[in-house]
Amino acid sequence: MNDHEPTQDLHPDAAGDPTEQGYSQSTRMEYAEDTPSSPLDRPTIGEVIGARYGRRDVLRGALAMTAVATLSGTAGLLRGGGTAEAAEGAGVPASAWSFNFPELEAAVDETHHVAQGYDADVLIRWGDGVEPGAPTFQPMSQSAEAQDKQFGYNNDYVGFVPLPAGSDNADHGLLCVNHEYTNAELMFPNYQGTTEEIANIEMAAHGHSVIEVARGADGKWSYKPDSPYNRRISLRSTEMTISGPAAGHARLKTSDDPSGTRVIGTVNNCAGGLTPWNTVLIAEENFHGYFKGENSDPAEAENHKRYGVPGGWYDWADYHDRFDVGKEPREPNRFGWMVEYDPYDPTSTPVKRTAMGRFKHEGAETLENADGRVVAVMGDDQRFDYVYKFVSHGRVDHNNRSNNFGLLDSGTLYVARFNADGTVDWLPIVFGTGPLTPENGFESQADVLIETRRAADLLGATPMDRPEDVTPDPAAGRIYVMLTSNEKRKPDATHPANPRAGNSAGHVLEIQVTDGDFTSLRDRWDILILAGDPDDPEVGAKWGKATSEHGWFINPDNSKMDNRGRLWISTDGNSQEDSGRADGMWAIETDGELRGSSRHFFRCPVGAEMCGPFFTPDDGTLFVAVQHPADAEGSTFENPVTRWPDFDENMPVRPSVVAITPKGGGQIG
């Protein structure tokens, strides 16, 4: 995520480096995600195209039409572009849709909007109290101590676990919310740069929040500020343990932690997931951006380069040595993992599960396979990086929840190779397998996992167009992969699974697992949609035939299956210069004559990204996270482009979680 339109050309050969020139935090993140660290000199992609399609015109859109028409019958599924006239003329009866709501207009303004017939109520905002005794939010006099007890900044992943534990109660539970990063220019009055106090507040604003929530008789949700379940997990103060094959390895040891098994906090918490035993997984994504300095350990040079360390987005290293790779060159190795914690126990210690690999995790959606093993599907959110899955060795114990807490410490991590014939191979990332040997610098499975990206490079995984959420559909035996964009892909580096050069709009892949077995080592892939404006032939977009002028979008990011097996997608970057469109939420048909058709449901206020989506067990509520509202060029604490959600001159713009419910009850969609 965080794929915001930069204010100037931020290609690697552009003049100037935004990490050093006072650009906004979002622009710095966009620069990093638009600058691949994957080696692109492997011959596999161009040779595959040449062998399968010959030397044709593969400029933007051209290969998209050829490759999509060739593979897995996709041409029959993705029929035609989506102007309003095309949708009206398609002769599609309303009963053909699995969704039933009036489509929302695609537009942009200062506030949020939802389809007619629904309420969208702000539930909790940055600065609201979380832990009992939290002070009232004072935007003009913030402190790290207060922020450690208050709702953090830039809410991203949202998960809901019912209360009481073990029930399927849809009216009462715990809401579990990530806080990815901070926008200092929107957070602090008269912001002129980072001070030690600001650094500490920003650290406290990262991490995660747990709040107890309940739906009242009127259908409205509220949270309980004094709940004993409520908890803040922060980068500043929360101690975590490190487990799995890399725990205690010398490359994870620092002067603060000579054991290599303990770390304070988690950072850049993007998406996440719930396990079958209702623990929460939170992702560590763009961890590289928090480090500065000159690397003092030559042995880590190649490792750091592959992850973009140091990114230099924040100046925390001026006040905290742990973020200075000249002083602590192994500290970055302690980030980039999936973190598991128990939301029902506010005293539990979060655990970084190293068996699941180290990369820029967007999230980790899990399921229980038919044989009882746990499968987690994951994306590495950078251009030309990879799609992964983890399969546990052990099986879920339904009789003793605590027996499941170590399942993610032992298993096999796989990376995907998408073949031109429409198959996908899952390649094991296991020490001693193929090139993962001492000859290539790996001495153990710990080394392989610390350098997961390099291991995947050597195995020949397929570099993708920036994998974000990867969402399983257990009932249908499918996996949906959000590929948000890749403007860096050149015509000679296209691939049937990434068919467009200069792909600024993104696309969605569908993987059909073999015989419904999510542990299968060979599956089949297809393209569900090629995003973008269907009226622009340069884009090469393809949508289902019922997609209207409001239904198309760009930059798919987060995704979620509702409890009826329907796909919902949120966007990050849909709002581009002069587009007149905001980010939001869309409902996508995945079967039948309307396969690939999209309908607009919710839109964000100006400058915001749509994150989160999570449904209650009865599909009666959809929780969404509105991240970085007012994030636009020239927008500041004093003069934001919107003051959503309070619209109070005495309050800054505030990222918030929104609860969407049908008027009068019922189910979403």
Side-chain angles (χ1 to χ4, degrees), residues 112 120-161 173-184 186-188 198 200-214 221-238 265-272 280 282 341 343 346 350 604-605 608-612 614 623-631 637 640 643-646 648 650-659:
H112 67 277
D121 302 312
V122 174
L123 177 61
I124 189 168
R125 308 157 296 180
W126 165 51
D128 285 343
V130 170
E131 294 191 349
T136 301
F137 181 50
Q138 300 290 340
M140 302 303 293
S141 56
Q142 300 174 50
S143 72
E145 291 74 20
Q147 180 65 84
D148 250 348
K149 295 178 178 293
Q150 297 166 335
F151 196 66
Y153 206 76
N154 275 343
N155 32 226
D156 198 301
Y157 172 75
V158 177
F160 175 88
V161 295
L174 302 177
L175 207 63
C176 310
V177 185
N178 276 354
H179 302 294
E180 187 179 7
Y181 72 105
T182 49
N183 289 86
L186 297 174
M187 289 177 67
F188 301 109
I198 284 176
N200 291 337
I201 295 169
E202 287 187 297
M203 290 169 65
H206 280 69
H208 194 83
S209 292
V210 181
I211 57 171
E212 182 179 352
V213 296
W221 286 85
S222 61
Y223 83 98
K224 300 182 179 182
D226 59 349
S227 169
Y229 289 107
N230 289 3
R231 181 181 189 182
R232 271 305 318 279
I233 294 172
S234 89
L235 177 62
R236 174 177 176 265
S237 59
T238 304
T266 179
V267 72
N268 212 259
N269 303 109
C270 195
V280 180
I282 55 181
Y341 80 93
C604 295
E609 167 190 349
M610 184 87 281
C611 301
F614 201 95
F623 295 108
V624 296
V626 175
Q627 189 185 88
H628 60 74
D631 184 6
F637 180 96
R643 287 192 181 274
W644 186 90
D646 301 307
D648 181 342
N650 297 313
M651 280 290 174
V653 62
R654 303 167 77 180
S656 304
V657 172
V658 173

Counting distance only, does the side-chain N/O of [X] pair as donor-acceptor with the main-chain N or O of [Y] below 3.5 Å?
X	Y	answer
R231	P343	no
D648	N650	yes
N230	K224	yes
N155	V626	yes
R654	W126	yes
Q150	P135	yes
H179	H208	no
D226	P132	no
R125	F151	no
Q142	M187	yes

Closest non-hydrogen atom pair, [X] against [Y]:
X	Y	value
A144	I201	N-CG1, 3.5 Å
P652	R643	CA-NH1, 4.1 Å
C270	N178	O-ND2, 2.7 Å
D148	S237	OD2-OG, 3.1 Å
R232	S209	CD-OG, 2.9 Å
S656	V122	CB-CG1, 3.9 Å

Over 12 foreign heavy atoms within 6.0 Å of CZ, F137 =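 Yes.
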
Anything under 30° is parallel, anything over 60° is perpendicular, the rest tilted; go ahead and classify F614 against Y157.
->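 Plane angle over 60°, so perpendicular.
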
Any side-chain heavy-atom pair of [X] and [Y] under 4.5 Å:
X	Y	answer
P350	T266	no
C604	W644	no
Y223	E212	no
L175	L123	yes
S234	M203	no

The single option from V177, V213, V624 passing side chain to side chain contact (heavy atoms under 4.5 Å, CB included) against V657 |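 Exactly one candidate clears the test, V177.
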
Calculate, to the nearest 0.5 Å, the distance between atoms [atom1] and [atom2] belonging to [X] and [Y] respectively.
X	Y	atom1	atom2	result
Q147	E145	CD	CD	11.0 Å
E180	N268	CD	CG	4.5 Å
C176	F623	SG	CZ	10.5 Å
N183	H628	CG	NE2	7.0 Å
Y181	H206	OH	NE2	9.5 Å

